Amino acid sequence: MSSYRAAGVDIEAADRFVGSISDAVTKTWGIDTVGGFGGFAAGVRIPAGYTRPVLMMSTDGVGTKLEVARRHDALDGVGFDVVAMCVDDLAAVGATPLAFTDYLAVGKLDPDREERIVRSIAAACATAGCALVGGETAEHPGVVAEHHVDIAGCVVGVVEQGHEVTGSNVRPGDVILGIHSPNLRSNGFSLIRAIYDLDRLDEPFEDGRSLGDVLCEPSVIYAPAVLAATATGGVHGLAHITGGGLPGNVGRTLPEGLGAVIDTDSWTPPYVFIETARRGSVPPADMYATFNMGVGFVAIVDPASIEDVTEAFKRRGHVAQPIGHVEESVVSVTLIGEDFKR
């Protein structure tokens, strides 16, 4: 006689796991959260103050960074990776995140591991200012390897109609501010895994930290600072610098006929990028098209608003500095600097 448990799915263990994360999840709930923990669904009311609210959504995952984190036993930060990838995409259009849900696919339920991950997601949601209203952990025996896990998330946010940041207000002469990223965040890890030996994650790498510690450092969450900067009224365009780097993302917020000129000598990329290029013999163009290179977010601003926007980021712990400008051009993004001189 067979059973669901014999097939590899332990419903009783899953129920116990759900109970173990209830406190972490419900701590992210505010007065606008609707529903109860453990039900079929939960939601949020649209906060007061909107007259024509537009709901925006975004979904993303951790990607193959998760495998590095699993091998280094660094799962306590991966929640920041999945939440950042979702809420910062919302912030790039001026939307405030309201509610987040997660999806974990595992080969075999490991309650301690899954609890670490969900608590990390909850902590990241608290940082982003949104409620973790639900999720799903699915066992896929025979499909997902027993010790493996994959994570995806979805976020819903709101913006007042007409206040969306679309880039339509970008003008020639606008200044491009780069918002500092101290690490890889959650992009480019297929190349990272090809360059670095994952059997040597404990080797010394930088400032007393191991290679694994540096590679698995959690993603920065920019959304609260980006929304505060947008509230100054001086932001014309926003770009979340993820896969595709600066060339692949800045152009997405520019009107036709305008181009961004970015001086890569105006900041120094963190050591992990320099060492990755060296070890992998990766050309500069490929590095900038794969990684954020130390710029995790971009704000395109009216020159008269640089001080206000920079201060808004500074008050929330982020360094924003001019890295380029907008001009009339048929080329979307041009990188200049010593690495790109012919």
Side-chain angles (χ1 to χ4, degrees), residues 2-28 37-42 59-86 100-128 131-155 184-186 189-190 192-193 196-202 210-219 221:
S2 190
S3 66
Y4 209 13
R5 183 194 292 267
V9 179
D10 191 337
I11 294 177
E12 291 79 10
D15 289 340
R16 291 192 296 272
F17 160 65
V18 170
S20 74
I21 60 173
S22 62
D23 64 319
V25 173
T26 56
K27 281 180 181 177
T28 69
F37 180 82
F40 289 101
T59 186
D60 211 328
V62 178
T64 61
K65 179 180 183 177
L66 189 56
E67 175 60 11
V68 182
R70 184 188 71 83
R71 295 181 63 161
H72 192 56
D73 193 26
L75 294 171
D76 297 289
V78 296
F80 282 80
D81 295 312
V82 67
V83 171
M85 294 303 107
C86 293
F100 190 90
T101 60
D102 64 76
Y103 180 86
L104 277 64
V106 303
K108 181 178 175 59
L109 185 69
D110 181 337
D112 291 338
R113 177 189 65 189
E114 273 68 272
E115 182 176 344
R116 289 170 65 192
I117 292 172
V118 174
R119 287 186 179 276
S120 175
I121 294 171
C125 284
T127 298
L132 176 56
V133 297
E136 168 75 2
T137 301
E139 286 186 278
H140 293 169
V143 176
V144 177
E146 184 171 309
H147 299 296
H148 285 231
V149 59
D150 194 19
I151 306 172
C154 180
V155 66
L184 295 161
R185 299 186 83 220
S186 192
F189 272 82
S190 293
I192 289 293
R193 291 183 299 108
Y196 292 98
D197 184 352
L198 298 191
D199 290 328
R200 302 182 63 182
L201 291 173
D202 290 331
S210 69
L211 171 62
D213 290 343
V214 172
L215 298 184
C216 296
E217 189 175 2
S219 292
I221 293 177

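This is a predicted model, so every value here is computed, not measured.
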Could you check Leu66 against Leu75 for side-chain contact (heavy atoms from CB on, under 4.5 Å), going step by step and ending with a plain yes or no?
CA-CA 8 Å; Leu66 189 56; Leu75 294 171; 4.0 Å; yes
When you compare the side chain of Lys108 with that of Glu139, does any pair of heavy atoms fall below 4.5 Å?
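Heavy-atom side-chain distance check passes, below 4.5 Å.
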Atom [atom1] in [X], atom [atom2] in [Y]: separation rounded to 0.5 Å?
{"X": "Arg70", "Y": "Arg113", "atom1": "CZ", "atom2": "CZ", "result": "8.0 Å"}
{"X": "Ile121", "Y": "Phe100", "atom1": "CD1", "atom2": "CZ", "result": "6.0 Å"}
{"X": "Arg119", "Y": "Leu132", "atom1": "CZ", "atom2": "CG", "result": "11.5 Å"}
{"X": "Leu104", "Y": "Glu114", "atom1": "CG", "atom2": "CD", "result": "6.0 Å"}
{"X": "Leu211", "Y": "Leu201", "atom1": "CG", "atom2": "CG", "result": "5.5 Å"}
{"X": "Leu184", "Y": "Ile192", "atom1": "CG", "atom2": "CD1", "result": "5.0 Å"}

Salt bridge check: are Arg71 and Asp199 linked by an N-O gap of less than 4.0 Å?
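Yes.
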Salt bridge or not for Asp110 and Arg116, using N-O below 4.0 Å?
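Arg116 and Asp110: not salt-bridged.
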Would you please test Thr101 and Val133 for side-chain contact (heavy atoms from CB on, under 4.5 Å) and show each step?
CA-CA 6 Å; Thr101 60; Val133 297; 3.7 Å; yes
Any chance NE2 of His148 has more than 12 other-residue heavy atoms, nucleotides or ligands included, within less than 6.0 Å?
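Yes.
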Between [X] and [Y], what is the shortest heavy-atom contact and its length?
{"X": "Ala138", "Y": "Tyr103", "answer": "CB-OH, 3.4 Å"}
{"X": "Pro218", "Y": "Lys65", "answer": "CA-NZ, 4.2 Å"}
{"X": "Ala74", "Y": "Val78", "answer": "O-CG1, 4.1 Å"}
{"X": "Phe189", "Y": "Leu215", "answer": "CZ-O, 3.2 Å"}
{"X": "Gly61", "Y": "Met85", "answer": "O-CG, 3.9 Å"}
{"X": "Ser120", "Y": "Asp76", "answer": "OG-O, 2.9 Å"}

Asp213 vs His72, side-chain contact (heavy atoms from CB on, under 4.5 Å): CA-CA, chis, key distance, verdict:
CA-CA 8 Å; Asp213 290 343; His72 192 56; 2.9 Å; yes
With distance as the sole test, does Asp102 use its side chain to make a donor-acceptor pair with the main-chain N or O of Gly153 at under 3.5 Å?
no
The test is side-chain contact (heavy atoms from CB on, under 4.5 Å); show your working for Asp150 and Val144 and say whether it passes.
CA-CA 9 Å; Asp150 194 19; Val144 177; over 6 Å; no
Please tell me whether Ser219 and Asp81 have a donor and an acceptor in their side chains that are separated by less than 3.5 angstrom.
yes
